[in-house]
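Each remark here refers to the structure printed beneath this line.
Everything numeric here is computed off the predicted structure, so don't read it as measured data. In what follows, chains carry the letters A, B, and so on, assigned in the order in which the sequence lines appear, proteins first and then strands, with residues in each chain numbered from 1. All values below come from the heavy atoms of this structure, side chains included, with hydrogens, waters and symmetry mates left out.
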There are 2 protein chains.
Amino acid sequence: MNEFFNTVGKVALGTRLRKLGDQLMEEASQIYDLYDVPLQAKWFPVYYTMAQQKDCSITQIATIIGHTHPSVSKIIKEMDAAGLINYNKKSKDGRFTTVNLNDKAMALLPNLIEQLEDARDAIEEVLDKTTHNIWLAMEDMEFELDNKSFYKRVLEKRKIRLAQEIKIIDFSTEHSERFKELNLEWIEKYFTVEPLDEASLNKPKKKIIKPGGHIYMAEYKGVVIGTCALIKFNDTTYELSKMAVTEAAQGLNVGYALGKAIIKKAKNLGANKIYLESNTQLKPAINLYQKLGFTKVVGIPSPYERSNIRMELNF
Amino acid sequence: MNEFFNTVGKVALGTRLRKLGDQLMEEASQIYDLYDVPLQAKWFPVYYTMAQQKDCSITQIATIIGHTHPSVSKIIKEMDAAGLINYNKKSKDGRFTTVNLNDKAMALLPNLIEQLEDARDAIEEVLDKTTHNIWLAMEDMEFELDNKSFYKRVLEKRKIRLAQEIKIIDFSTEHSERFKELNLEWIEKYFTVEPLDEASLNKPKKKIIKPGGHIYMAEYKGVVIGTCALIKFNDTTYELSKMAVTEAAQGLNVGYALGKAIIKKAKNLGANKIYLESNTQLKPAINLYQKLGFTKVVGIPSPYERSNIRMELNF
DNA sequence: ATTAGTTATGTAACTTGTTACGTAAAAGAA
DNA sequence: TTCTTTTACGTAACAAGTTACATAACTAAT
């Protein structure tokens, strides 16, 4: 089994932590028997909390010990069945059920304290013998994970890996259909297709590239997942247009890579200004444009109906 | 909740380990969704083992990954329901069920490997950020606990604590009844009471102390839990006798403490030899006597029927 | 060759939590 | 005030394992 952890590597950290925890908890039960303390090991956190503080409510205990309330509810019920609980419904807020340990339960405390001390000594002994302190390691780990969840970290790693595999390539005729498809995907989702769209989407070569523009396609493992076009307005001004990234690939910074490439291209073509037209509903898109350096400008009407914002980048 | 761990201290190590493990495993499930790998997180160890090695049996997998066989059995069943398993009953030992991943299952491997790599990177990142490495700490901890279980360690600590509270005191008349009781407890358990017992147990003062012997009682929290007597044979030879420790207090080295005290007393009384008579059935007792320095001697008949071994300590 | 023990596996029930959901009481908003 | 939302808590169902037990197939010992 240990070999399994070694070959699988640290991916099994969760499983391994859990196994070790289970083992310790299992032994804890045996220890309770040893000390003649008629408590179940799992009752301990609840018992301990109640011993520290009178008139706890179920939810209070749950938040203190980090369980859910149904868990505490069940444990209290079991402890009650064992004759250890005093229910006081006297609270003025009728929702709360305040509970206390009764005399029988409190009488167990001295034995329990001895047990705890011995257990603590035993753990300290183990921790002293290990060169890497698991208690401190857990504190560190919990701190780090509170900061940024493991899931989020994996997401980031994935993004980095995928980003490395994304290639920005020039448009060629075999991309025609995909180019249209990618653009229709988002237009149809948020708006309706306008006549102006039809023209440039059906004949990109004629309408965009021939007049001095450019089109880039983003490819991932041989699949085209995004596109972006540069349309010539005059010798020094170009329009960034037809930016589209398929839904499944969103969040991987494909748009950013396409934008960067198109800006570079515009510079090479002699532009000193790029503008674009968009809609404020498309918040991720607007964010992307801002990240690329575009700023909002006013006062120039757009030929597109869906457009309600114009942005520019000067350089 | 974190405060709870701080006040309870390291006794809650088990719970805490388990919680952290659970959290990581919970996130693992989300990650599987992210990568479009149609495996349940809990299937992973089984899947991984089968991918590594063809024609595994249920029990084999179970031992490799450190689960019980019913657990693996269930997981395989679930994976089969998901259409990922090839059952081969072809093994010549009819008890084994050899299982394999089918093509559909193997096709998931590339995606899974990517996922594992990203997860590994994420974990390495966290481990790099922590000053105390939890992975190494767990290895240390598992090594230590394999060496000596937590239970055993607590047992030792308890023994030490209790030993400190045990007092060896001189016999006085109010101990008469308890003295008899303690001895009858073990005699009646293993043998039958002999006439010779009756005399010394009923009149310890007259039969043991008056003729120049001594009796010690071991007391724990005001309760007498053991006794041991020294009977004068001649000016330089004494018999160690009536060694008895109540069952509930056994394993706490009370016998050893009593033995040490009685040997010291004998020296003070001018003895150069102590002998005792016992029965080889009573292995813990014989062990104790050996630990006290007694060695087996032969050839001297005993007045007790139950005696079949004689031991001596010369000094 | 027969009997007794061991091994591989399946099934059922239990363990220790968790979500999901319903209900009563309180708090806030109109 | 009345209506909506939130809070406390119970119950039910689920999760991911476990132990306990039954059974079939092999192995070993007489």
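- Set against dA25(D), dG17(D), dT16(C), the side chain of Lys42(B) has dG17(D) as its closest nucleotide.
- No donor-acceptor contact under 3.5 Å links the side chain of Lys74(A) to the base of dG10(D).
- Geometrically, Arg158(A) engages Tyr35(B) in a cation-pi contact, judged by NZ or CZ lying under 6.0 Å from the ring centre and within 45° of the ring axis.
- Comparing dA8(C), dT18(C), dT16(C) by their closest approach to the side chain of Thr68(A) singles out dT18(C).
- Comparing dT18(C), dG17(D), dT7(D) by their closest approach to the side chain of Met25(B) singles out dG17(D).
- For dA8(C), neither phosphate oxygen OP1 nor OP2 lies less than 4.0 angstrom from any side-chain nitrogen or oxygen of Ser57(B).
- Ranked by how close their nearest DNA chain D nucleotide is to the 5' end, Pro70(A) and Arg18(A) are led by Pro70(A).
- The nearest whole Å value for the distance from the CZ atom in Phe96(B) to the P atom in dT23(D) is 21 Å.
- Proximity note for Ser71(A) (side chain, C-beta onward) versus dA8(D), dT16(C), dG17(C): the nearest is dG17(C).
- Remark: the His69(B) side chain and the dG10(C) base include a donor-acceptor N/O pair separated by less than 3.5 Å.
- Nearest nucleotide to the Gln40(A) side chain, out of dT7(C), dG17(D), dT16(C): dT16(C).
- Here the nucleotide nearest the side chain of Arg95(B), chosen from dA8(C), dG10(D), dT18(D), is dA8(C).
- Residue Thr59(B) has its side chain nearest to dT9(C) when only dT9(C), dT11(D), dA16(D) are considered.
- Atom CG of Asp128(B) is surrounded by more than 12 heavy atoms from other residues, nucleotides or ligands within 6.0 Å.
- When the side-chain nitrogen and oxygen atoms of Ser73(B) are compared with OP1 and OP2 of dG10(C), one or more of them lie within a distance under 4.0 Å.
- Going from atom CD of Gln23(B) over to atom P of dT19(C) covers 12 Å, rounded to whole Å.
- In terms of phosphate contacts, Lys77(A) brings a side-chain nitrogen or oxygen within less than 4.0 Å of OP1 or OP2 of dT11(D).
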